[in-house]
S.K.: 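Before we start, here is the structure in question, set down as structure tokens.
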Amino acid sequence: MVLRRMTSLDQDEFLERVRASVDLHQPWMSLPATPEAFQTFLGRFDEGRSAEGLLICLRDTGAIAGNVNINSIVRGRFQCGSLGYAAFAPYAGRGYMSEGLGLVLRHAFEELRLHRLEAQIQPDNHASTRLVQQHGFRYEGYSPDLLFIDGAWRGHDRWAITNDMAGLVPGAPHPTLPDR
């Protein structure tokens, strides 16, 4: 697997994968399904300043197997981001997202120099819970009515991992981290 930033050139393949994965994603999430929605989605990402859109791709073909967003990046004393991710059919269930999430952790902690990543997961989304557990995320509690998904406010389990927990501490802290 390889990890790369999402670009406008990914629109057609991304939308094709979203259409093929509707049953896989419902009711957990909805992804952009039109060119206009994709462009709006893509416009949120600013190369890790406040959000980053990443694609998990097969190394041999470059096919998009999944996506991971690092959202709501906060610098200063927090140095934290929130993950959103989805596997795409026909690649789900083959371990690609697990390998890809490992690449995302390395990118987030070593390149973006974040200290913490969070994942909010609906309690019945067992595949997503297993994914973060495989990578050492710790359970931090339940938040009712946390995110608006599929037309309603949904409660989520909150999971988190720090760079120390992952063993991926950057060589130098991010410049926005205060000295004290």
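One-based numbering along the sequence shown.
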S.K.: For V74, is there any backbone N or O sitting under 3.5 Å from a side-chain donor or acceptor partner on Q79?
M.R.: no
S.K.: For residues E52 and N69, determine if any side-chain heavy atom of one lies less than 4.5 Å from a side-chain heavy atom of the other.
M.R.: no
S.K.: Quick one: list whatever passes ring-ring contact (aromatic ring centres under 6.0 Å, His included) with Y91, sequence neighbours left out.
M.R.: none
S.K.: When the ring planes of Y139 and W159 are compared, do they come out parallel, tilted or perpendicular, using 30° and 60° as the limits?
M.R.: perpendicular
S.K.: Is the closest side-chain heavy-atom distance between I149 and W28 below 4.5 Å?
M.R.: no
S.K.: Taking only Lys NZ, Arg NE, NH1 and NH2, and the carboxylate oxygens of Asp or Glu, determine whether E140 and R116 approach each other closer than 4.0 Å.
M.R.: yes
S.K.: Does N125 use its side chain to pair, donor to acceptor, with the backbone of Q122 at less than 3.5 Å?
M.R.: no
S.K.: Check whether any side-chain N or O of R4 sits under 3.5 Å from a backbone N or O of C57 as a donor-acceptor pair, and report yes or no.
M.R.: no
S.K.: What pairs with R158 under salt bridge (Lys or Arg N to Asp or Glu O under 4.0 Å), at least two apart in sequence or on another chain?
M.R.: none
S.K.: Would you find a donor on one side and an acceptor on the other, under 3.5 Å apart, between the side chain of T40 and the backbone of E36?
M.R.: yes
S.K.: Which label fits F41 and F45: parallel for a plane angle under 30°, tilted from 30 to 60°, or perpendicular past 60°?
M.R.: perpendicular
S.K.: Determine yes or no for a side-chain-to-main-chain donor-acceptor pair under 3.5 angstrom, with R49 supplying the side chain and D46 the backbone.
M.R.: yes
S.K.: Mark yes or no for whether H135, through its side chain, and S98, through its backbone, hold a donor-acceptor pair below 3.5 Å.
M.R.: yes
S.K.: Can you tell me if D23 has over 12 outside heavy atoms packed within less than 6.0 Å of its CG?
M.R.: no
S.K.: Please confirm whether the backbone N or O of P173 pairs with a side-chain atom of R113, one donor and one acceptor, at under 3.5 Å?
M.R.: yes
S.K.: I'd like to know if the side chain of R154 and the backbone of D150 have a donor-acceptor N/O pair within less than 3.5 Å.
M.R.: yes
S.K.: Is there a donor-acceptor pair under 3.5 Å between the side chain of S21 and the backbone N or O of F88?
M.R.: no
S.K.: Do Q120 side-chain atoms and H156 backbone N/O form a donor-acceptor pair below 3.5 Å?
M.R.: no
